[in-house]
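Worth saying up front: this structure is predicted, and the values here are computed from it rather than measured.
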Amino acid sequence: MTSKLMQNPESIYDFTVKDAKGQDVNLSAYRGKVLLIVNVASKCGMTNSNYMELNQLYEKYKDQGLEILAFPCNQFGDEEPGSNDQITEFVCTHFKSEFQIFEKIDVNGEYASPVYKFLKSGKWGIFGDNIQWNFAKFLVDKNGEIVDRYYPTTSPLNLEPEIKKLLGIL
């Protein structure tokens with residue numbers, strides 16, 4: 001089990017997950033921040049564009065309160081086959097990413113991480129429950145409430161207006 005679930009969680013802050021080094025991270029540490037939560041993969045056709053754009057957003061808004069939480073997942077086309085150390089090495093070396101990389105998880109199915117079960121529990125209409133592919137995105141406000149869910153094909157930079165609004169940047 002990669003994250004601990006409180007009974008009847010009310011916000012993202014009710015979860016503890018493991019980082020890529022296996023250390024517990026209580027998501028309440030991100031209270032007051034705007035979160036962009038993404039299931040990532042190293043060998044996906046969307047890897048380069050997503051990591052480059054996530055880096056741009058993080059660099060531009062990290063000092064104003066944006067945090068990007070990346071959860072590697074190997075459930076789609078075997079596109080994240082590496083160990084946590086290999087994934088972190090790839091992301092930090094190839095993309096120079098500075099945002100938080102967590103332990104590899106499942107986002108769908110019986111073994112889905114509790115945090116992803118919570119993220120998917122919203123009323124998403126056409127999205128349904130399951131994550132469709134790598135790089136699905138969830139935007140969470142400063143109160144830990146899920147604001148929206150975006151398709152894997154949605155460019156991270158297309159989320160900038162909503163991120164600025166949640167950060168209170170005019």
Requested in this report: Compare all side-chain heavy atoms of L66 with those of K33 and state whether any distance is below 4.5 angstrom.
Outcome: no

**Report entry** Pairs satisfying salt bridge (Lys or Arg N to Asp or Glu O under 4.0 Å), at least one member in residues 45-59, at least two apart
**Finding:** E59-K62

Requested in this report: Measure across L54 and I68 and return the closest heavy-atom pair with its distance rounded to 0.1 Å.
Outcome: O-CD1, 3.2 Å

Query raised in the report: Would N134 and E79 count as having a side-chain donor-acceptor pair, cut-off 3.5 Å?
Result: yes

Report summary line: Across all chains, not counting sequence neighbours, the salt bridge (Lys or Arg N to Asp or Glu O under 4.0 Å) partners of E162 are none

Query - Within-4.5 Å side-chain heavy-atom neighbours: V115 and F102 - result: no

Report summary line: Here the pair of heavy atoms bringing I101 nearest to P72 is CG2-CG, 4.0 Å

Query - Minimal non-hydrogen separation, Y51 against S97, with atom names - result: CD2-OG, 3.7 Å

Query raised in the report: Below 4.5 Å, heavy atoms only, C-beta onward: do K120 and N108 meet side chain to side chain?
Result: yes

Report task. Check for a donor-acceptor pair, side chain of S113 on one end and backbone N or O of V107 on the other, with a separation under 3.5 Å. Result -> no

Query raised in the report: So, does E80 use its side chain to make a donor-acceptor pair with the main chain of S42 at under 3.5 Å?
Result: yes

**Report entry** L166 to K142 - nearest heavy-atom pair and separation
**Finding:** O-CE, 3.5 Å

Query raised in the report: Considering only heavy atoms from C-beta outward, does the side chain of F99 approach that of N55 to under 4.5 Å?
Result: yes

Query raised in the report: Would you call K164 and Y61 a side-chain contact if the rule is heavy atoms closer than 4.5 Å?
Result: yes

Report task. Would you confirm whether N143, through its side chain, and E145, through its main-chain N or O, come within 3.5 Å as a donor-acceptor pair? Result -> no

Query raised in the report: When you measure from the side chain of T88 to the backbone N and O of D85, does any donor-acceptor pair fall under 3.5 Å?
Result: no

Report summary line: Separation between CD1 (I169) and NZ (K60), nearest 0.5 Å, reads 9.0 Å

**Report entry** K117 to E110 - nearest heavy-atom pair and separation
**Finding:** NZ-O, 3.9 Å

Query raised in the report: Is there a side-chain contact between F71 and E103, using heavy atoms and a 4.5 Å cut-off?
Result: no

Report task. Please confirm whether the backbone N or O of Y13 pairs with a side-chain atom of S11, one donor and one acceptor, at under 3.5 Å? Result -> yes

**Report entry** Check: F135 main-chain N/O paired with K137 side-chain donor or acceptor under 3.5 Å
**Finding:** yes

Query raised in the report: What's the shortest heavy-atom distance between A20 and N84, and which atoms?
Result: O-CB, 3.3 Å

Report task. Go through the steps to decide whether T154 and R149 satisfy the test side-chain contact (heavy atoms from CB on, under 4.5 Å), and finish with yes or no. Result -> CA-CA 10 Å; T154 302; R149 175 177 174 174; over 6 Å; no

Query raised in the report: Less than 4.5 Å apart, any side-chain heavy atom of F118 and any of I146?
Result: yes

Report task. Give a yes or no on whether the backbone of M46 and the side-chain of N50 come within a donor-acceptor separation of less than 3.5 Å. Result -> yes

**Report entry** Residues L27, L35; criterion side-chain contact (heavy atoms from CB on, under 4.5 Å); working and verdict
**Finding:** CA-CA 10 Å; L27 295 183; L35 306 178; 5.9 Å; no

Query raised in the report: Heavy-atom distance under 4.5 Å between the side chains of Y116 and I37, does that happen here?
Result: yes

Query - Parallel, tilted or perpendicular, as decided by the 30° and 60° cut-offs, for the rings of F95 and F90 - result: perpendicular

Query raised in the report: Stepwise, does the side-chain contact (heavy atoms from CB on, under 4.5 Å) test hold for K18 with I105?
Result: CA-CA 10 Å; K18 293 204 179 287; I105 61 165; over 6 Å; no

**Report entry** Verdict with reasoning, N158 to Y150, per side-chain contact (heavy atoms from CB on, under 4.5 Å)
**Finding:** CA-CA 10 Å; N158 285 347; Y150 303 90; over 6 Å; no

Query raised in the report: At what distance, to the nearest 0.5 angstrom, does CG of D106 lie from CG of N39?
Result: 11.0 Å

